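Chain letters run A, B, ... following the sequence lines, proteins first, then strands; residues in each count from 1. Bear in mind that the values here come from a model prediction, so they are computed numbers and not experimental data.
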There are 2 protein chains.
Amino acid sequence: MTLDPIARFRRFSRAVTSEVGALDHSFLGRGRPLGSARVLNAIGHGRGDIAAIRDYLGLDSGLMSRLLRGLEEEHLIETRPDAADARRRVVALTGKGRAEFAAYEALSNNRAEALLARHPRPEALLDAMDLVASALGRDRFTFETVDPRSDAARHGLARYYVELDRRFDGGFEVGRSADPDAMDMIAPRGSFIVVMSDGLPIGCVGLKGTDKGYAEIKRLWIAPSARGLGLARRLMDAAEAAARQLGIATLRLDTNKALTEAIALYRKTGWTEIDRFNDDPYPDFFFEKRL
Amino acid sequence: MTLDPIARFRRFSRAVTSEVGALDHSFLGRGRPLGSARVLNAIGHGRGDIAAIRDYLGLDSGLMSRLLRGLEEEHLIETRPDAADARRRVVALTGKGRAEFAAYEALSNNRAEALLARHPRPEALLDAMDLVASALGRDRFTFETVDPRSDAARHGLARYYVELDRRFDGGFEVGRSADPDAMDMIAPRGSFIVVMSDGLPIGCVGLKGTDKGYAEIKRLWIAPSARGLGLARRLMDAAEAAARQLGIATLRLDTNKALTEAIALYRKTGWTEIDRFNDDPYPDFFFEKRL
DNA sequence: CATAACACCTGACTTTAGTCAGATAATTTT
DNA sequence: AAAATTATCTGACTAAAGTCAGGTGTTATG
C-alpha cells in the first residue's frame, strides 16, 4: 500500500510530470524543437542577455549560439552587441517573434485556464499550488526594494489588511489606522522591501521614516503559503540593514496581540518592549531596537 | 504584475518543471540514457506488458524494442512470450534488474524525503500535493471493488472515522457504532468500493448485506483533496450497480446531521427519508431507495 | 482455412541535443 | 602596452530520440 509521505509525494510527482510532459508535447505542435521554443520563450519573458538565458536553461554556449541562429533565420529574434560591453550580445523579439511568443503563451494559458475552470474550488487549488511552488522554489527567493505604490507592494499590503481583518478581534479597517505615507517608505526617508518567489510577491515589510528620531517597522507580512520558511526574519534583517544604510539608529514598531508569531520573532531578535508611543487603536504591544 | 490565477498557475508550473528536470538529471547519474531508465522504472513498478509500457511512456514500437534489447543485454530484464497470446511478450526484472531499480527508487525517495524534511509543515505540503495531484489526475480515477480489510479500504475507513470525530458534536467512536462485519461487505452479501487516484485511495463506500430484506450503504467518504469532483455520486452509482447485480431491491442508509453534503446528495438522487430503523447513537437521518 | 489484424522486431534512416576544441573580438588586469 | 580574461561563435563531432517501411510469427474473423 502506498500511503506514506514519500508515496504521496511521488504520486504528486507523477501527476505533474505527465502534465508537464503534455505541455511540452503541445509545444511541439508549433513545429519547432523544444530547445528553440524554450529559448524563444525565455526571450519573450524579458531575458535579453544571452548569458542569462544560457544559465537559466542550462545550455552549452555552442548549442545556445546555434539555437539563436535558427531563430534568427526564422526572423523571430534580432541580436546586437551590448552597448556597454561589446563582447556580449543582447537579443530581442521581432514583430513576428512576438506573435509566435504570444502563440506559445496562449498554449500555456489555455491549459492553465482549462484546468482551473473545471476544478470545483479553484482558489483552494491555487493556494495549494502556491504552497508547493514556494516549497520547491525556496532557494530562489529574492529580496527587492520597491516603491510601496508598486503592484508587488500593493498586492502584499492588500493581503496583509485582509489577514488583519480576519485575525483581529473586531476586524481591521485600514482607514482607522495611521496609514503610512508612501514617501516615508522610500529612500532617503525609509524603504519598502518585498520577497519575491519567481515573480509572485510572498512577503513584505516597510521601513517608515519619521521626524521623531526613530524609524518604524510597518506592514510585516508573509503569504500563508510561505510561512515557516524563515522569511519574516530575513525581511526584518533586510529592513534593519536598510535602516543602517540610511543612518537610522533607532527602530520602533507596534503590533496587535493576535499576531503571536510576529511578537515571538521580535522578542527573539533583540527588540525590547517599551511604553505605548502612539494612539493608534489597533496595537497592544510596542517595541524598540537600537542598531 | 503577475498575480492573476493563470500567472499563479504558471509559477507553479515553472517550479515543478525545474524540479522534474532536476530529478531527470539525477537519474542520468547512473550512466544510462533517460529512455532506458524510464522503461526500467516502468517495469519495476509492475508494468509487465510491453504494449502497456509503450502506451504509458508514449514510445514508438521500434524504439521500445531497442530499449528492451539494451536492458536485456545489461541482464536487467527478461522477456518471454505471453502464455495466453504468444504475439505479446511479457517482461520482468532479473535479480540484477531489481537491484538497479531499487537504486533508482532510492534516488526518487531521497529527493522526496529531503524536500519534506526541510519543510516547516510537511503535512500541509502533502495535503497541497494531494489536492494538486487529484486535480491534475482527475481523468484517471479508477473504481475498484476491494476487500474491506485491504489496506486501501482500511486507509479510507481510518480517515473517515477521524473526520466523523472532528465533525460530530461530541465526537465519534467507532466502537459505539455498529461496525459492519467485513463479510457483509463482500460478495455475495455486499460490496466495498474504493476510488483510487494513481495508487492513492481517495474515497470509498460500503454496501452491507443484511437479512432484513434490504442492504445498507455505509462509510461513504471522499478525501478532502478530492471533494467537489463528483466522486461521491459516482461511488453511490457504483454501489447501486453492485446492489442490482447482487439482486438487492431495497437500499437503506443512516447519516448524521453534520454531514450536510451527503444529505444533499441523497435527496438529489432519489432517496426518500424514512423513520429510524436502528438504534445506533449517531445517525439523525434515515433514507431508503428502491432500485 | 484463407485472410485480415495484431504484436513485436529489425534495418535504415533523420532530427535533436549535447560536447569540445579552437577562433575571434572586446575588455580587464598587470 | 602586453598579457590574461571574457563572451560569443564555428566546425566537427557523438549520443540519444524518434520515424518509417517492411518482416516474422500468432491470433481472430468471415
Heavy-atom protein contacts under 4.0 Å, nucleotides 12-20 of chain C, coded B base, S sugar-phosphate only, - none: B---SSBBB
Nucleic acid footprint by protein, nucleotides 23-30 of chain C - heavy-atom cut-off 4.0 Å, B for base, S for sugar-phosphate alone: ---BS---
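A heavy atom closer than 4.0 Å to some atom of DNA chain D occurs in no member of residues 40-53 of chain B.
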Sequence neighbours left out, cut at 3.5 Å: what donor-acceptor pairs do the side chains of residues 127-137 of chain B make with other protein atoms?
residue	atom	partner	partner atom	Å
Asp127(B)	OD1	Arg8(A)	NH2	3.0
Asp130(B)	OD2	Arg8(A)	NE	2.9
Asp130(B)	OD2	Arg8(A)	NH2	2.7
Ser134(B)	OG	Arg11(A)	NH2	3.0
Ser134(B)	OG	Asp130(B)	O	3.1

Tabulate below the donor-acceptor pairs under 3.5 Å that side-chain atoms of residues 90-104 of chain A make, not counting sequence neighbours, or state none.
residue	atom	partner	partner atom	Å
Thr94(A)	OG1	His75(A)	O	2.7
Thr94(A)	OG1	Leu76(A)	O	3.2
Thr94(A)	OG1	Lys96(A)	N	3.4
Thr94(A)	OG1	Gly97(A)	N	3.0
Lys96(A)	NZ	Glu74(A)	O	2.9
Arg98(A)	NH1	Leu93(A)	O	3.3
Glu100(A)	OE1	Arg30(A)	NH2	3.1
Glu100(A)	OE2	Arg30(A)	NE	2.7
Glu100(A)	OE2	Arg30(A)	NH2	3.2
Glu100(A)	OE2	Arg32(A)	NH1	2.8
Tyr104(A)	OH	Arg32(A)	NH1	3.0

Counting only pairs under 3.5 Å, give me each side-chain donor-acceptor contact of residues 48-58 of chain A, with atom names and distances, residues two or more places apart or in other chains.
residue	atom	partner	partner atom	Å
Asp49(A)	OD1	Ala51(A)	N	3.2
Asp49(A)	OD2	Arg88(A)	NH2	3.4

All N/O donor-acceptor pairs, side-chain side in residues 233-247 of chain B, below 3.5 Å, sequence neighbours left out:
residue	atom	partner	partner atom	Å
Glu240(B)	OE1	Lys289(B)	NZ	3.3
Glu240(B)	OE2	Lys289(B)	NZ	2.7

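Considering only side-chain N and O atoms, Arg69(B) lies nowhere under 4.0 angstrom from the phosphate OP1 or OP2 of dC8(C). For the OP1/OP2 pair of dA7(D) and a distance below 4.0 Å, the side-chain nitrogens and oxygens of Arg89(A) include no atom meeting the criterion.
Under the side chain to side chain donor-acceptor pair (under 3.5 Å) criterion, Arg149(A) pairs with Asp147(A), sequence neighbours left out. Every residue was checked against the ring-ring contact (aromatic ring centres under 6.0 Å, His included) condition with Phe9(B), not counting sequence neighbours, and none meets it. In this structure, the side chain to side chain donor-acceptor pair (under 3.5 Å) partners of Asn109(A), at least two apart in sequence or on a different chain, are Arg10(B). Partners of Pro81(A) by side-chain contact (heavy atoms from CB on, under 4.5 Å), not counting sequence neighbours, listed by chain and number: Arg89(A).
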Salt bridge (charged side-chain N to carboxylate O under 4.0 Å, His left out) between Asp198(B) and Arg14(A), worked out: CA-CA 9 Å; Asp198(B) 193 18; Arg14(A) 281 193 298 278; 2.9 Å; yes
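The closest side-chain heavy-atom distance from Leu229(B) to Pro120(A) is below 4.5 Å.
Look at CD on Glu72(A): it is 13 Å from P on dT8(D), rounded to the nearest Å. Protein atom CZ of Arg54(B) is 11 Å distant from nucleotide atom C1' of dC9(C), rounded to whole Å. Atom P of nucleotide dC9(D) and atom CG of Leu71(A) are separated by 12 Å, given to the nearest angstrom. Between the CZ atom of Arg80(B) and the P atom of dA7(C) there is a distance of 18 Å, rounded to whole Å. Look at CG on Leu68(A): it is 9 Å from P on dT8(D), rounded to the nearest Å.
Applying the salt bridge (charged side-chain N to carboxylate O under 4.0 Å, His left out) test to pairs two or more places apart or on separate chains, those with a residue in residues 15-29 of chain A are Glu19(A)-Arg111(A).
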